[in-house]
Protein chains: 2
Amino acid sequence: MDLNQFLPYQLSILSLKISNGIAEHYQDQFGINISEWRVLIILYKNPDITAKKISQLSQMDKVRISRTLKSLVQKDYLTQSQHPLDARAKNYELNQRGRYLMRAVIPDALRYEENLLSQLSEEEREQLHHLIGKFNRILG
Amino acid sequence: MDLNQFLPYQLSILSLKISNGIAEHYQDQFGINISEWRVLIILYKNPDITAKKISQLSQMDKVRISRTLKSLVQKDYLTQSQHPLDARAKNYELNQRGRYLMRAVIPDALRYEENLLSQLSEEEREQLHHLIGKFNRILG
DNA sequence: TATTTTTTGTTTCATTTGAAACTATTTACC
DNA sequence: GGTAAATAGTTTCAAATGAAACAAAAAATA
C-alpha cells in the first residue's frame, strides 16, 4: 500500500496546498484570514443577516463564526445592529470600509482561480467540475 | 461572486469531508488518529528509518512526527533503536503488535477507497487520476 | 586539531479550533 | 398565563498545531 497513491491522502495534500497558498496570500495582501474572508464574501452577497444564517451558508461552526464576526467588527469592516424581532440575535452587514475591501479582494480571488484554471484545458475544467459535483453527491 | 462555485473553496470542503470521515472511522475502529495512521503506513513500507526520513516521506512537520512517534511507542506499536552511525537519531520499526494492527488497518483503508472509487465510472476514475497529477505539477 | 556551521530531534510558547457549558431569549405546550 | 423545551450566541476548557528556541551531535572548514 502506497500512501502517495491513496486517494484520500492525495486529496488532502492537494487541498492543503491550495488553502495554504490562498491563506498566506490574503494575510499578506489584506490582513484577513480564511474565516474572515469567507464571512466577508457571504455578507457581500447577503447583507443584514444573523450569525446563525452565516453559519448555515458557510458550513462553519458557530463558535468560529462568533469569533470571526467579533474580529471583523473590531477591524471595522462590519456594522452590527439589533435584530428587530429577536433580542438574542444581531444583524451584520459590510460598512463602507468593508465594501471597499471587498472591491479589492474579489477581483483578486477571481484572478487567483482564473490563473489556476487557465492551466487546464477546457475539457479538463469540465471534468473537474463534473467530478467535484459527483463527489459532493456521493459524500452527502 | 458565489463562494459555492469558487474552486479553492470547493476543494477544501471536499477534502475536509473525506478527511473527517476517515479520521473518525480510524479513531473508532482502531484508536489511532490521522498522523499515527500515516506514520504507520510509512513504517510498514519502510522498516528501520529515522524521524527525519519519515518526515520527508509523509511531508509532515518534524514536530508532529516527533510527537506521533512518541505516542506510537507509548501505545506499543513501535520499537525504537539507536541509529548505528548517528547518535542524534533513532531508528523506528513496527513491532509485532504494530504489524498485527496494520494487517487490519490496510484492508480497511483499501476497502474505504474502493468503495469511494466504485461509485465512479472507469472514465471518471481516469479523469480523477489525471487531474490530481496535473494539479500537483501545477502547484509544485 | 579546533572552531564554526549544519543537522536531528525535543521542548516551549502562542494560536487555532471546536465540544461542552453557559446566558439570555424565544417558542411550544399545558 | 406559566412552565418546559428549543434556539442564538458567548465563554471556558482542552486538544492539536507549528514557529521559534533549544540541546546534542555531526559535518565542514580553518
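What you see is a predicted model; the values in this text were computed from it and never measured. Residue numbering restarts at 1 for every chain, and letters A, B, ... go by the order of the sequence lines.
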Nucleotides 15-17 of chain D: which of its N/O atoms have a protein N/O under 3.5 Å away?
none

Tell me which donor-acceptor pairs under 3.5 Å the side chains of residues 48-56 of chain A have, and how far apart each pair is, sequence neighbours excluded?
from	atom 1	to	atom 2	distance (Å)
A/Thr50	OG1	A/Lys53	N	3.3
A/Ser55	OG	A/Met60	O	2.8

- Message: If I take atom CD in residue A/Gln56 and atom P in nucleotide D/dT7, what distance separates them, rounded to the nearest angstrom?
- Response: 11 Å
- Rounded distance (nearest 0.5 Å) linking atom OH of B/Tyr92 with atom CG of B/Leu72: 10.0 Å
- Message: To the closest 0.5 Å, what do you measure between CG (A/Leu131) and CD1 (A/Ile138)?
- Response: 9.0 Å
- Query: How about B/Glu122: does its CD atom have over 12 heavy atoms from other parts shown lying under 6.0 Å from it?
  - Reply: yes
- Here the distance between atom P of D/dA8 and atom CG of A/Leu69, to the nearest Å, is 14 Å
Which donor-acceptor pairs under 3.5 Å do the side chains of residues 98-105 of chain B make with protein atoms, sequence neighbours left out?
from	atom 1	to	atom 2	distance (Å)
B/Arg99	NH1	B/Leu94	O	3.2

- Mind calculating the distance between CG (B/Asp61) and P (D/dA20) to the nearest angstrom? 11 Å
Heteroatom pairs (N/O) under 3.5 angstrom, protein to nucleotides 23-25 of chain C:
from	atom 1	to	atom 2	distance (Å)
C/dT25	O2	A/Arg88	NH1	3.0

- Do any side-chain nitrogens or oxygens of B/Lys70 fall under 4.0 Å of OP1 or OP2 in C/dG9? no
- Item | Contact under 4.0 Å: A/Ser66 side-chain N or O vs D/dG9 OP1/OP2 | no
- Task: Please collect all salt bridge (Lys or Arg N to Asp or Glu O under 4.0 Å) contacts where either partner lies in residues 54-82 of chain A, sequence neighbours excluded, each pair once.
- Result: A/Glu36-A/Lys75
- Message: Among residues at least two apart in sequence or on other chains, which ones pass salt bridge (Lys or Arg N to Asp or Glu O under 4.0 Å) with B/Lys134?
- Response: A/Glu124
- Look at atom CD of B/Gln82 and say whether more than 12 heavy atoms of other residues, nucleotides or ligands are closer to it than 6.0 Å. yes
- Item | Nearest-angstrom distance from the residue atom CE of B/Met60 to P of D/dA19 | 13 Å
- Message: In this structure, how many angstroms lie between the P atom of D/dG9 and the CG atom of A/Leu78, rounded?
- Response: 14 Å
- Query: Which word best sums up how the rings of B/Tyr112 and B/His25 line up, parallel for under 30°, tilted for 30 to 60°, or perpendicular for over 60°?
  - Reply: tilted
- Query: Hey, which of these two, A/Leu85 or B/Ile65, hits DNA chain C nearer its 5' end, going by closest nucleotide?
  - Reply: B/Ile65
- Query: Atom CD of A/Gln80 and atom C1' of D/dT10: how far apart are they, to the nearest Å?
  - Reply: 12 Å
- Task: With heavy atoms under 4.0 Å as the rule, sort A/Lys52 into base, sugar-phosphate or nothing.
- Result: sugar-phosphate
- For atom CD of A/Gln82 and atom C1' of D/dA8, their distance in whole Å: 11 Å
